[in-house]
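What follows is a single structure, written as structure tokens, with notes after it.
Note that the structure is predicted; figures quoted are calculated from it, not measured. Lettering of chains follows the sequences in order, A, B, ..., and the numbering in each one begins at 1.
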There are 2 protein chains.
Amino acid sequence: MARPRAFDETAALDAATDCFWRSGYAATSVRDLGAAMGLGAPSLYNAFGDKHALFTRCLDRYLDGNMRARIRRLESTLPPRAAIERFLEEVVARSLADPRGCLLVNTALEVAPHDAAIAELVADRLSELEGFFHRCLSVGQRDGTIAARRPARDVARLLLTTIMGLRVLARAHPEPALLKGAARQALSLLDPAAPD
Amino acid sequence: MARPRAFDETAALDAATDCFWRSGYAATSVRDLGAAMGLGAPSLYNAFGDKHALFTRCLDRYLDGNMRARIRRLESTLPPRAAIERFLEEVVARSLADPRGCLLVNTALEVAPHDAAIAELVADRLSELEGFFHRCLSVGQRDGTIAARRPARDVARLLLTTIMGLRVLARAHPEPALLKGAARQALSLLDPAAPD
DNA sequence: GGCGATCTGTAGCGGCTGCTATAGAAAATA
DNA sequence: TATTTTCTATAGCAGCCGCTACAGATCGCC
């Protein structure tokens, strides 16, 4: 029973996410956001609260749409070992193709250390990733497609560490051979033992 | 034959480095730097040029004093396998003890993507780290202390990736078991094959 | 002491920051 | 059509940004 909003909230959030993703949190001004989202500062503040709340909203959406959706897709369509392999392949491919890197990793380094609420959100998502790897490893170890001699928990932790590291390396030195070589060795932990 | 400087350049650079290290490049203002270094803006600009030049200077000093010195120390006092193990142990310990993380990693994510000169500097240092791992691996593979069935180049790349990843994880979720488990699995790539 | 040169402190430049007061535009209800 | 309610646009708040002009302080040299 009043004037409706003149903008598409989803499109606006996508535009804002791209700003934060490209430039980082601090380097993105509210004016930049307004311009990209196609709305003035008052509308922005009215609809999304302040800059920090908007960022949290964008980060949540990003993680749901990218990370969680990807985990679900891989875990439901591929056997566990292939799911792990595909995940790492996708991280390498995306790292090389998209100069923005991964918003989760960017945030873990830029925002989390100075913001307890964001740090908790990031830590939760990292645990979800670790859980994905751990589930795949456990199932794969039981069905014999993954070497069972290593503790699944620690291998999952190394895989998580590896994708973080790949994302960092790619942003300063995006060399395919480097990323692919590292990923290959991380995945070799899944192989059964070979003679020396 | 003129008025000499009233401050200690080394101490001033240390103070500036700490600012950049703690808060990042963008979030450190020239006024913050001046206050920490104990000198006014004109002295700062006269002695070190602008903010970007000062940052480059700090980063260079940091890398010489931390990374390169550490590589030299480990490589000259320890056998290759122990040097690698010690390096990873130190990364884990420092990541848990120092909330500032690693200035090289912070810079790789915050500055390098928007600054070609810094990106090149960072990429060079990453290559030096990879080279350190590669040399240790090659020697260790020859003397039999490191499994020889894996390509040293790719294992070096994974070790490099691992320390980057450990640094990222520690800043958002500094849990000892997580970092230590990941490091342990990365190091297990050096072990000879075990039965499945 | 006087001179020339370098350094330092004050003060301020234009421009940007996150955010908001105020007023006007647009739609649903009566 | 008049009213009510929400949204939007203009303009501007105080405060910070990187940087610098200017004047005064402090030294070596003559």
In whole Å, what is the span from the [atom1] atom of [X] to the [atom2] atom of [N]?
X: B:K51; N: C:dC16; atom1: NZ; atom2: C1'; value: 13 Å
X: B:D8; N: C:dC7; atom1: CG; atom2: P; value: 15 Å
X: B:L33; N: D:dC16; atom1: CG; atom2: C1'; value: 15 Å
X: B:L44; N: C:dC7; atom1: CG; atom2: C1'; value: 13 Å
X: A:F48; N: C:dG18; atom1: CZ; atom2: C1'; value: 17 Å
X: B:F7; N: C:dC7; atom1: CZ; atom2: P; value: 8 Å

Return no unless some side-chain N or O of A:S29 is found under 4.0 Å from OP1 or OP2 of C:dT17.
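True: A:S29 side-chain N/O within range (under 4.0 Å) of C:dT17 OP1/OP2.
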
Spell out yes or no: do the side chain of A:R31 and the base of D:dG12 have one donor N/O and one acceptor N/O closer than 3.5 Å?
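Pair found.
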
Do A:I71 and A:V139 sit in one hydrophobic cluster, given that two such residues count as connected whenever their side-chain heavy atoms are within less than 4.5 Å of each other, even indirectly?
no

Closest to the [X] side chain: [options]?
X: A:D32; options: C:dT17, D:dC17, C:dT8; answer: C:dT17
X: A:P42; options: D:dG18, C:dA21, C:dC19; answer: C:dA21
X: B:Y45; options: D:dG18, C:dT8, C:dT17; answer: D:dG18

Do you know which two heavy atoms are closest between B:R72 and B:D64, and how far apart they sit?
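That would be NH2-O, 4.5 Å.
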
Could you tell me if A:S188 and A:D191 have a donor-acceptor pair between their side chains, going purely by distance under 3.5 Å?
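No, A:S188 and A:D191 have no side-chain donor paired with an acceptor closer than 3.5 Å.
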
Looking at A:Y62 versus A:F20, is the centre-to-centre ring distance below 6.0 Å?
no

